[in-house]
Protein chains: 2
Amino acid sequence: MITSETRAETRSETREEPLSIGEVAARTGLSVHALRFYEREGLLVGPVRRSTGGRRRYAACDVEWLLICVKLRESGMPLAELKRFAELVRQGPGNEAERLQLLDAHRRRVDAQITALEECRSVITWKVDVYAEHLARGEAAGLWDPTA
Amino acid sequence: MITSETRAETRSETREEPLSIGEVAARTGLSVHALRFYEREGLLVGPVRRSTGGRRRYAACDVEWLLICVKLRESGMPLAELKRFAELVRQGPGNEAERLQLLDAHRRRVDAQITALEECRSVITWKVDVYAEHLARGEAAGLWDPTA
DNA sequence: CTACGATCTGGAGTGAGGTCTAGATCAAGT
DNA sequence: ACTTGATCTAGACCTCACTCCAGATCGTAG
């Protein structure tokens with residue numbers, strides 16, 4: 001990893017040289033395995049270019065797309081839906097309404113998730129406070145209460 | 001389900017009659033399969049009582065515990081950790097510090113999750129806005145931009 | 001030239017978290 | 001007694017999202 005990183009960095013830090021799979025892995029947080037897997041699954045918009053030797057050479061826009069994928073996955077979008085989105089983008093212009101619909105539906109699910117998590121947090125916080133108070137009062141008061 | 005629900009409700013709405021597995025499933029949102037699975041995995045604090053015929057009879061405190069489990073699971077606590085927590089509670093008083101630590105660590109993870117989700121949401125919202133604006137301007141301007 | 005690390009392919013394996021099946025039993029209504 | 005629906009057990013099976021392996025190839029450094 002030092003080798004390739006070094007090579008890329010010494011060459012040009014801001015130029016849009018294509019990146020190796022390892023470099024993309026480092027930039028996206030995905031593993032090289034996951035990158036190949038995503039490609040096989042059709043989650044990428046375009047086919048990834050290859051070097052003469054057959055190695056993948058990712059363009060800047062591939063990385064951008066992958067960074068979006070990461071965010072969508074991180075927020076719980078299933079791969080199947082991500083694939084659907086990739087297909088729409090791949091088809092080109094004309095289906096923006098459907099893309100919007102897909103993303104907006106996901107946004108609403110994310111909102112719901114956040115709301116749910118906030119409620120979980122309040123339950124957990126309450127429980128944490130119960131224990132903290134319990135410990136503050138000294139352990140002597142420890143009568144076994146299954147709800148506490 | 002009508003049978004058992006009806007039976008329970010006509011008898012006493014607020015009494016602490018033990019509940020059948022189906023009733024507990026309805027109250028917790030877990031499937032009866034999941035309830036048996038959780039039991040097998042040692043995620044419950046006490047062993048569930050059985051009727052003479054061998055059916056599970058859940059007490060009110062079993063349900064309370066399960067409702068907490070649901071919240072912890074919903075917020076991403078792995079079953080292994082939930083099991084650890086159940087073990088601590090099962091052991092009785094004396095380990096409150098450890099329970100507190102476990103829950104507090106989880107609370108911090110939930111906070112991190114919420115933060116991450118909020119960032120995802122802002123990325124998605126931005127993308128949604130891009131498409132919305134695109135559509136508002138009319139579809140004519142549709143030049144294929146892989147980043148949009 | 002040799003070594004070594006990164007990458008290639010196809011396919012098998014993993015872990016989490018359930019879900020489902022079969023075949024039997026229980027309990028309530030008619 | 002009979003039917004119907006809920007429950008029982010043990011264990012097989014499933015989905016998801018990767019992850020890993022074997023065995024070959026590429027490409028740079030020494």
Side-chain angles (χ1 to χ4, degrees), chain A residues 1-11 17-44 47-58 62 66 69-84 86, chain B residues 1-11 17-44 47-58 62 66 69-84 86:
Chain A
M1 192 162 286
I2 287 165
T3 353
S4 24
E5 279 288 0
T6 308
R7 198 157 28 87
E9 288 188 274
T10 49
R11 251 204 279 193
E17 298 283 337
L19 303 174
S20 74
I21 195 168
E23 287 161 342
V24 174
R27 275 162 182 72
T28 59
L30 296 165
S31 70
V32 295
H33 300 293
L35 283 169
R36 291 194 276 249
F37 171 70
Y38 277 24
E39 187 177 339
R40 249 183 293 160
E41 294 295 297
L43 269 46
L44 274 56
V48 180
R49 314 280 238 84
R50 299 297 183 112
S51 73
T52 51
R55 272 83 202 281
R56 290 171 180 83
R57 317 261 74 205
Y58 292 84
D62 295 326
L66 282 166
C69 288
V70 165
K71 283 299 175 198
L72 292 175
R73 283 289 307 126
E74 202 179 328
S75 50
M77 182 181 282
L79 291 187
E81 198 169 339
L82 195 41
K83 180 174 182 174
R84 175 72 189 134
Chain B
M1 193 163 286
I2 287 166
T3 354
S4 25
E5 279 288 359
T6 308
R7 199 161 23 88
E9 289 189 89
T10 50
R11 253 205 276 194
E17 297 283 338
L19 302 173
S20 74
I21 195 169
E23 287 161 342
V24 173
R27 275 162 182 71
T28 58
L30 296 164
S31 70
V32 294
H33 301 293
L35 283 169
R36 291 195 275 249
F37 171 70
Y38 278 22
E39 187 177 339
R40 251 184 290 161
E41 294 295 297
L43 268 47
L44 273 56
V48 181
R49 314 280 237 85
R50 300 298 182 113
S51 71
T52 51
R55 271 81 202 282
R56 290 171 180 82
R57 317 262 72 205
Y58 293 82
D62 295 327
L66 282 166
C69 288
V70 165
K71 284 297 175 198
L72 292 174
R73 283 289 305 128
E74 202 179 328
S75 50
M77 181 181 285
L79 291 188
E81 198 168 340
L82 195 41
K83 180 174 181 173
R84 175 73 189 133

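To find a chain, count down the sequence lines: A is the first, B the second, and so on, and within it residues start at 1. These numbers come from a predicted model, not from an experiment.
- Nearest to the side-chain atoms of A/V32 among the listed nucleotides D/dC20, C/dT19, C/dT7 stands C/dT7.
- You'll find that the side chain of B/H33 is closest to C/dT21, out of C/dT21, D/dT19, C/dC8.
- Remark: P of C/dG18 and CE of B/M77 are 14 Å apart, rounded to the nearest angstrom.
- Between C/dG18 and B/R40, no contact under 4.0 Å exists linking OP1 or OP2 to a side-chain N or O.
- Side-chain N or O atoms of B/E81 include none that pairs as donor or acceptor with a backbone N or O of B/P78 at under 3.5 Å.
- Contact between B/V32 and B/G22 at its shortest, heavy atoms only, is CG1-CA, 4.0 Å.
- With rounding to whole Å, A/E39 atom CD is found 12 Å from C/dT7 atom C1'.
- In terms of polar N and O atoms assigned as donor or acceptor, the side chain of A/R55 comes within less than 3.5 Å of the base of D/dT25 in a complementary pairing.
- Whole-Å rounding puts the A/L30 CG to D/dC20 C1' distance at 17 Å.
- The shortest non-hydrogen separation linking B/A34 to B/S31 is N-OG, 2.9 Å.
- Between B/R56 and D/dT7 there is no side-chain polar atom (N or O) within less than 4.0 angstrom of OP1 or OP2.
- A sub-4.0 Å separation between OP1 or OP2 of C/dT9 and a side-chain N or O of A/R36 is absent.
- For B/R50 and D/dT7, the shortest distance from a side-chain N or O to OP1 or OP2 is not below 4.0 Å.
- Side-chain atoms of A/L66 and A/L35, non-hydrogen and from C-beta on, do get closer than 4.5 Å to each other.
- Along DNA chain C, the nucleotide closest to B/G53 and the one closest to B/R73 are compared, and the more 5′ of them pairs with B/R73.
- Taking atom CG on B/L72 and atom P on C/dG17, their separation rounds to 13 Å, with Å as the unit.
- The separation between A/E23 atom CD and C/dG5 atom C1' is 14 Å, rounded to whole Å.
- Note on A/E17 versus A/R57: no salt bridge recorded, every NZ/NE/NH1/NH2 to OD/OE distance being 4.0 Å or above.
- Atom-to-atom, CZ of A/R57 to P of D/dC26 comes out at 14 Å; the value is rounded to the nearest Å.
- Atom CZ of A/F37 is separated from atom C1' of D/dA17 by 5 Å (rounded to the nearest Å).
- The separation between A/L19 atom CG and C/dT7 atom C1' is 15 Å, rounded to whole Å.
- Phosphate proximity of D/dT7 to B/S20: present, with a side-chain N or O under 4.0 Å from OP1 or OP2.
- Residue B/Y38 has no polar side-chain atom (N or O) positioned under 4.0 Å from OP1 or OP2 of C/dG17.
- Between B/G76 and B/S51, it is B/G76 whose nearest contact on DNA chain C lies nearer the 5' terminus.
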